[in-house]
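Here the structure comes first, spelled out in structure tokens, and everything after it is commentary.
The sequence lines fix the lettering, A, B, ..., with proteins before strands; numbering per chain opens at 1. We use all heavy atoms of the structure for the numbers below, so side chains are in, but hydrogens, waters and symmetry mates are not.
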Amino acid sequence: MRDESNDQIVRITRLDRRSFLKFTGLAGGGLMLGVTFGCSRETAEEAAPTTAPTSRPFEPNAYVQITDDRIVIYAPNPEIGQGVKTSMPMIVAEELDAAWDDVTVVQSEIDFERYDRQFAGGSRSIPQNWLPLRQAGAVAREMLVTAAALRWEVDAAECETRDSAVIHTPTGRRLTYFELAAAAAELPVPDPASVKLKDVGDFRLLGSRVTGVDNADLVTGAPLFGIDQQLPELRFATFVKCPAKGGTVVRANLDAVKALPGVLDAFVVEGNGNPAELSEGVAIVAVDTWSAFKARQALTVEWDESNAAKDSWSAAVTRAAELAQAEGTTSVVDKGDVETAFADATRQVTAFYQYAFASHAQLEPQNTTAWWHDGKLELWAPTQTPQGAEAAVAKLLGLEAEQVELHQLRAGGGFGRRLINDPVVEAAAIAHRVSYPVKLTWTREDDMAHDFYRAGGFHSLAGVLDQAGKLTGWRNHFISFSHDGTNPVVGGAIRGDIDPGPFIPNYRITQTLLPWQTPCGPWRAPGSNVIAFAHQSFLHELAVAAGRDHLEFLLELLGAPRWLEEGNPQALHTGRAAGVIRRAAEAAGWGRTLPEGHGLGLAFYFSHAGHVAEVAEVSVGPERRLTVHRVTVAADVGPIVNLSGAENQVEGSVIDGLSTMLGQRVTFEQGRAQETNFHQYPLLRMPRAPRVDVHFIESDFPPTGLGEPALPPLAPAVGNAIFAASGIRVRRLPIIEEGFS
Amino acid sequence: MRLQVNGRSHEVDVVHDDTPLLWVLRDHLGLVGTKFGCGIAQCGACTVHVDGEPVFACMVPAASLEGRAITTIEGLASADGALHPLQQAWIDHDVAQCGYCQAGQIMRAAALLAKNAAPTDADIDTAMAPSLCRCGTYLRIRAAIVDAAGGRRDA
């Protein structure tokens, strides 16, 4: 059975899953080591039709393939839970006028020539691919129409398309795309820029609710994720790194480890000096994952920590509190006359906001399967940046680009963590040393100890109001971190034009960077996810100090409807901002009489080109026990692609935001993360999930992404609601540090 | 050891007597629907049934389960391939985002419905609390369970 080729077994799975199970049971007698399932039911290599087509398939571009029995649409970008394996093909299907039930979605290969950049990050998949995906579908549609018109000897203008068929309107004649595929394949491919796209109002599929294309496999436990990859003769690896970033191996009891039951090999892998690629450590390879995990308990490593991180969160907190008394040494923006505004003010408010480091905690632990064979390094990985992973592996091992091939697999969450490919590079380095395929699996403890964390930070804020209660001046001394003493860490930068800067005449941000060695990285809505908390909470403090209603205060601040950057549809538009603020407030019943002990809090934030406002309704019980009853969200991200997926992203962003603000923090001492697993890093559980009401304002602007922008407003909305309910102002995240539970 | 998984008998040889069921399922039986998340019974991604009860497969040694009936997500549908009502409800409600936790969620929900055919929201919350969803799909999980139990049909 180990001689069975991958292809044969894949075919069995595809044709008949039950006979496959029977087959493996009979052949393996239960011991399945060495059996392959194929990485997924829908990998690119399985895209070939199950039966030989009668003619060559119609493939006008990289996204569409039509044969006489099926329509394949390729999903180019990594699926990490943001829904692009469903939503991106929907855009193609809309312009193609394919019936969605006729469509088979296939995860594409990683191919820069065919797909340009393939990545999942920055809420960019939809805005960046909106036009090319529409054009891909429209090109195919136009060629099918041409093929039908030629067959009927009629004018193509007399034809329409619907449900995977061309219809000759005057006569009612109809040919399906399956019947037309062979003829369309013989036609020249028109210039994508020349084909007519639908009017948005004519969309039939987009804006509807479509269930995810992998759902049937997900609910039956079919192999889909990176960690599910299996191969003949697969072995299992664990990789042990210094708990403080940058430590190197002095010595390790490798011989003793190699002698342990189930262990096949143990060796030191040298780092390449770049923590985003390869940190030094000890690899243990074993016959199964448990043997590898057990062996590491017997591993003793002496680390040289002379160049390793010594970071201390408690020391940073102390230092920031001292620095907060003055302004920062570096100017980020200084607009108007801040000194005069503060001198002339009727009222001044100051506050100090702080948030801890956080881990991504994507639920599928980091993993990659790697196989060095036939002069080629083959990889199966759940990454957000597959092209970057291939390049990093080629560079590390001195291979040509074509010697590295990565198969993109579904990722069990990303949140920004899988933009960095350290696990992929580690697996490649380990596999390059052995003669069999290896699956590297991180433990949860590895994951929490070796994250690229969301940076902690501190904001020393001051604002002034005039006699009329108008906000006239604002100062923020933002204290964050730097690896090199000059540049802020990822998530530790702040832009001068960040909200509410454009709306305040006298506005200054200064910055101080504290030294920090432990890696930081993008965490869902980087920067925005925490700056929104500080700025939008402080705006509410100012509204309260002015004795004004928060809703009215915010709307006045935004002023007349306008783009902040004329001609840039990715910029903030004050009319869109006011639109979502009003819609959220109205839907939440802003101003209504609330049950005893309840409070409403409002926050708006603009990030990743999305305008989102949220209203939270909370109550605070004895001992500061927080209950979030409901969160009302209004979002304007342009036209919605998949309504079900879009609502899911918003619901998830709210729960993620609440989960993070309640209890999540990673603290460091001696460069070591102190929290090790979910018992010390609590994720929200079902009993505390609030009701979430989602409202989309489907403006005619080009669509923008939704993986991130609904997260930043949550923390300030809840914090402002806590104040409304209890009079307690939350200025520190997670709020367990303020005594809440 | 001899294990009874999804109605089939499997003879498995492992190196370590304390090998958790999770790794026997994933590395030896090729049943990878059961997921590794935390390894310490905190996330529930590894939830399977042992004699109908929800169990953290990452904690229980496989060798302790000889003679017991183990059911994984791969064995939840009927023998004729018909989906369990929860599996269908999960598709209908488009519950998943990344989907990694969902096999464990469905197994935990199936154990609940087997004992309590008409759970209240409070019953559901209590039963499902051990299973984490990092993406935050709890509202849809709750709605899908209510739906599968034949209750009110949520949008």
Side-chain angles (χ1 to χ4, degrees), chain A residues 18 24-25 29-33 35 37 80-81 83 209 211-212 214-216 218-225 227-228 230 236 261-262 287-291 294 361-365 410-413 441 443-444 644-645 648 651-652 654-656 659 677-679 683-687 689 692, chain B residues 3 8-16 19-20 23 26-40 42-43 45 72-74 76-77 81 83 87 90-92 94-103 106 124-126 128-129 131-142:
Chain A
R18 288 190 60 234
T24 52
L31 186 69
M32 295 287 292
L33 206 79
V35 171
F37 293 80
I80 61 171
R209 293 175 199 276
T211 199
D214 279 341
N215 280 345
L218 279 171
V219 302
T220 51
L224 278 174
F225 296 91
I227 205 168
D228 298 340
Q230 297 179 67
F236 302 85
V287 295
D288 57 18
T289 310
W290 185 248
S291 297
K294 260 185 96 79
Q362 71 294 334
L363 201 58
E364 180 191 7
R410 191 179 179 93
T441 305
T443 62
R444 176 58 52 191
S644 176
N648 213 347
E651 291 163 7
V654 165
I655 287 167
D656 188 3
S659 187
N677 204 320
F678 292 133
H679 64 299
L683 270 59
L684 200 79
R685 294 178 185 274
M686 186 184 284
V692 181
Chain B
L3 294 177
R8 297 181 44 82
S9 185
H10 297 267
E11 184 65 36
V12 187
D13 293 317
V14 293
V15 174
H16 299 282
T19 306
W23 299 112
R26 291 187 58 83
D27 292 352
H28 293 268
L29 299 183
L31 295 170
V32 294
T34 304
K35 298 300 194 243
F36 170 49
C38 68
I40 59 166
Q42 284 289 308
C43 77
T72 71
I73 188 70
E74 291 92 341
L76 190 63
L83 295 180
Q87 291 171 312
W90 245 249
I91 295 172
D92 294 344
D94 190 22
V95 169
Q97 285 184 35
C98 87
Y100 193 76
C101 72
Q102 301 296 353
I106 291 170
I124 293 171
D125 279 5
T126 303
M128 299 303 292
S131 286
L132 291 176
C133 175
R134 170 67 179 86
C135 301
T137 63
Y138 295 124
L139 306 175
R140 290 179 182 216
I141 292 172
R142 206 188 274 147

Partners meeting side-chain hydrogen bond (donor to acceptor under 3.5 Å, both in side chains) with Asp656(A) (sequence neighbours left out): Arg524(A), Thr660(A), Arg134(B)
Check this for me: does any side-chain nitrogen of one of Lys35(B) and Asp228(A) sit under 4.0 Å from a carboxylate oxygen of the other? yes
Can you tell me how far apart CZ (Phe36(B)) and CH2 (Trp290(A)) are? Round to the nearest 0.5 Å. 9.0 Å
Side chains of Arg26(B) and Thr441(A) only: does a donor on one sit below 3.5 Å from an acceptor on the other? no
Spacing of CD belonging to Glu651(A) relative to SG belonging to Cys135(B), to within rounding of 0.5 Å: 12.0 Å
Taking Arg444(A) for its side chain and Gly37(B) for its backbone only, find out whether a donor-acceptor pair lies under 3.5 Å. yes
Main-chain N/O of Ile91(B) paired with Thr211(A) side-chain donor or acceptor, under 3.5 Å: yes
Does the side chain of Phe678(A) come within less than 4.5 Å of Ile40(B)'s, by heavy atoms? no
Leu684(A) backbone acceptor or donor facing Tyr138(B) side chain under 3.5 Å: yes
Mind ranking Gly645(A), Pro365(A), Ala411(A), Ala361(A) by heavy-atom pairs under 4.5 Å with chain B and telling me who comes out on top? Pro365(A)
With Leu363(A) as reference, evaluate Cys38(B), Cys101(B), Cys133(B) under the side chain to side chain contact (heavy atoms under 4.5 Å, CB included) test and give the passing residue. Cys101(B)
Below 4.5 Å, heavy atoms only, C-beta onward: do Ile655(A) and Leu139(B) meet side chain to side chain? yes
Let me know if Val692(A) has heavy atoms under 4.5 Å from chain B in its side chain, its backbone, both or neither. both
Non-hydrogen atoms of chain B under 4.5 Å away: do they reach the side chain of Ile80(A), the backbone, both or neither? backbone
What are the two closest non-hydrogen atoms of Val15(B) and Pro261(A), and how far apart are they? CG1-CB, 3.3 Å
Chain A: which of Thr19(B), Val14(B), Ile141(B) shares the most heavy-atom pairs with it under 4.5 Å? Thr19(B)
Is it the side chain or the backbone of Thr34(B) that comes within 4.5 Å of chain A heavy atoms, both, or neither? neither
Chi angles and distances behind the side-chain hydrogen bond (donor to acceptor under 3.5 Å, both in side chains) call for Asp94(B), Asn648(A): CA-CA 8 Å; Asp94(B) 190 22; Asn648(A) 213 347; 4.9 Å; no
Is the backbone N or O of Thr289(A) less than 3.5 Å from a side-chain atom of Asp27(B), with the two atoms forming a donor-acceptor pair by type? yes
Set of residues satisfying side-chain hydrogen bond (donor to acceptor under 3.5 Å, both in side chains) with respect to Gln102(B), sequence neighbours excluded: Trp90(B), Thr137(B)
Using heavy-atom distances under 4.5 Å, tell me whether Ser291(A) contacts chain B through its side chain, its backbone, both, or neither. both
Report which part of Ala129(B) has an atom under 4.5 Å of a heavy atom belonging to chain A: side chain, backbone, both, or neither. both
Heavy-atom nearest pair, Cys98(B) first then Gly413(A), reads CB-N, 3.2 Å
Check: Leu83(B) and Thr220(A) side chains under 4.5 Å, non-hydrogen atoms: yes
Taking all atoms of both residues into account, what is the closest heavy-atom pair of Gly412(A) and Tyr100(B), and its distance? CA-CB, 3.8 Å
Between Leu3(B) and chain A, which part of the residue has a heavy atom less than 4.5 Å away: side chain, backbone, both or neither? neither
For the CE atom of Met128(B) and the CE atom of Met686(A), what is their distance to the nearest 0.5 Å? 5.0 Å
For Ile106(B), is it the side chain, the backbone, both or neither that has a heavy atom under 4.5 Å from a heavy atom of chain A? side chain
Less than 4.5 Å apart, side chain to side chain, heavy atoms only: is that true for Trp23(B) and Asp288(A)? no
Report the C-alpha separation of Arg140(B) and Ser644(A) in whole Å, then their side-chain angles, then the decisive distance to 0.1 Å, and conclude whether the side chain to side chain contact (heavy atoms under 4.5 Å, CB included) test is met. CA-CA 11 Å; Arg140(B) 290 179 182 216; Ser644(A) 176; 3.1 Å; yes
So which atom in Val219(A) and which in Gln87(B) form the shortest heavy-atom distance, rounded to 0.1 Å? O-NE2, 2.7 Å
What part of Ala689(A) lies closer than 4.5 angstrom to a heavy atom of chain B: side chain, backbone, both or neither? both
